[in-house]
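One structure below.
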Amino acid sequence: MSDETILKPSFFDRHIHDVARDLLGRHLVRSVDGQITGGRIVEVEVYEGQNDRASHARSGAPTKRTAPMFAQPGTIYVYTIYGMYQCLNLRAPTPVGPGAILIRACQPLMARAVMARRRGLVDDADDYAPKMDRKLMSGPGKLCQALSIDTDLSGTMIGEQLALEGGEPIWRQTPERIEATPRRGLNRKTCGDCVDRLWRYVVCDSRWLS
DNA sequence: CGTGTGATGTCT
DNA sequence: GACATCACACGG
C-alpha cells in the first residue's frame, strides 16, 4: 500500500529555490527498525555549485563524499562536519548543475522522547520532558542526531528510511511567513560575496529555528 | 544573557 | 588549515 502523501523524488526535479521554499511546513519522517521519528521543516538553506564558494560542489566535480550533490533529484546527501556532527541535505537541480538543500531545523513532532534520548538529553526516554523540545531539532547537527541520520544514508533516495510524508507546506497556508535571509555560519574570507545571498529560507516566526 | 573553547573527518 | 556545529564553562 503506497501512501499518496509521501513525496516522490520528482518533487525535487525543479529549480532548487522553489523546492527549498516548498519544503517549509512539510513533515520529515525517519523510520529505523519500525521506530518513527520526525518533525516539521522550518529552516533550510540552498547550496549550488561552481557559482557558490560556500558549496561542497564549488569545484564543479564530484568527490566520493559529494557525489550525491550531482546525482538524481531526491538523492540524500549526508556529510560529517567538524569531525563529529552530521548534516542532512536533499538533492535538487540548479542552473549550474550540482546542488543540494541543507535541512537546518524542524519542529519536533513524532516520538519526542525517543529523540531526546538519541540527543543525549536523557538517559531514559521516560525522563523526557516537553521543555526539552527546543533542543531536539534546532540545528542541522541536532536534527541528524534526533533522527539517527548518519552518512550511511548518503547517496540513497528519499522515500523509505527517510521520507517527506504529510504536513501542509507553508506557501499554501501563510506564504508571507516565508522569509529569505543570508545563510548561517559562512565567512566572507572564504566565501566572498556568497555570504550576502539570501539563500536561507525560514518560517519567520517559528520558535523552532536554529 | 553573552563570549570563548575544544572536539576532530574530509577536502584543499 | 578551514569548515554548512554543538555543548559546556565562565563572566555579567
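All values below come from the heavy atoms of this structure, side chains included, with hydrogens, waters and symmetry mates left out.
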*Is it true that A:Arg200 and A:Glu43 make a salt bridge, defined as a side-chain N closer than 4.0 Å to a carboxylate O?*
yes
*Rounded to the Å, how far apart are A:Leu88 CG and C:dC6 P?*
13 Å
*Separation of atom CD1 in A:Ile149 from atom C1' in C:dT5, rounded to whole Å*: 16 Å
*Could you give the distance separating B:dT5 and C:dG12 at their P atoms, to the nearest angstrom?*
15 Å
*Starting from P on C:dC3, measure out to CZ on A:Arg53 and report it in whole angstrom.*
10 Å
*In terms of the nearest nucleotide of DNA chain C, which residue is placed more toward the 5' end: A:Arg184 or A:Leu121?*
A:Arg184
_Does the Lys NZ or Arg CZ of A:Arg183 fall within the cation-pi geometry relative to A:Tyr47 - under 6.0 Å from the ring centre and within 45° of the axis?_
yes
*Is A:Leu186 touching bases, backbone alone, or none of the nucleic acid, heavy atoms closer than 4.0 Å?*
sugar-phosphate
_Identified side-chain hydrogen bond (donor to acceptor under 3.5 Å, both in side chains) partner of A:Ser138 from the options A:Lys142, A:Arg134, A:Lys135_ = A:Lys142
*Using the rule that two of Ile, Leu, Val, Met, Phe, Trp, Tyr join whenever any of their side-chain heavy atoms come within less than 4.5 Å, decide whether A:Val32 and A:Ile103 are in one cluster.*
no
Between the protein and nucleotides 5-12 of chain B, which nitrogen or oxygen pairs are less than 3.5 angstrom apart?
{"from": "B:dT8", "atom 1": "O2", "to": "A:Tyr82", "atom 2": "O", "distance (Å)": "3.0"}
{"from": "B:dC11", "atom 1": "OP1", "to": "A:Thr63", "atom 2": "OG1", "distance (Å)": "3.4"}
{"from": "B:dC11", "atom 1": "OP1", "to": "A:Arg65", "atom 2": "N", "distance (Å)": "3.3"}

*Compare the minimum distances between each of C:dC3, C:dC6, C:dA4 and the side chain of A:Arg119, then state the nucleotide with the smallest one.*
C:dC6
*asked:* Between P on C:dC3 and CZ on A:Arg188, what's the gap in Å once rounded to a whole number?
replied: 13 Å
*Expressed in angstrom and rounded to an integer, what is the separation of A:Lys142 atom NZ from C:dA4 atom C1'?*
15 Å
*Taking only N and O in the side chain of A:Asn187, is any of them less than 4.0 Å away from OP1 or OP2 of C:dA2?*
no
_Earlier contact from the 5' end, DNA chain C, for A:Gln145 and A:Tyr79_ = A:Tyr79
*In terms of side-chain geometry, is the basic nitrogen of A:Asp193 or A:Arg53 positioned less than 4.0 Å from the acidic oxygen of its partner?*
no
*Starting at atom CE of A:Met137, determine the distance to atom C1' of C:dT5, rounded to an integer number of angstrom.*
16 Å
*Answer yes or no: is there a donor N or O on one side and an acceptor on the other, between the side chain of A:Arg58 and the main chain of A:Ser55, under 3.5 Å?*
yes
*Hey, is the main chain of A:Thr63 close enough, under 3.5 Å, to the side chain of A:Thr66 for a donor-acceptor pair?*
yes
_Please report the distance, rounded to the nearest Å, between NZ in A:Lys189 and P in C:dA4._
13 Å
*asked:* If a pair means Watson-Crick or G-U wobble with both distances below 3.5 Å, what does DNA chain C look like in dot-bracket form, with | marking bases paired to a different strand?
replied: |||.|||||||.
*Presence of salt bridge, A:Arg177 and A:Asp205, under 4.0 angstrom*: yes
*asked:* Salt bridge check, A:Asp196 against A:Arg188: does any charged N sit closer than 4.0 Å to a carboxylate O?
replied: yes
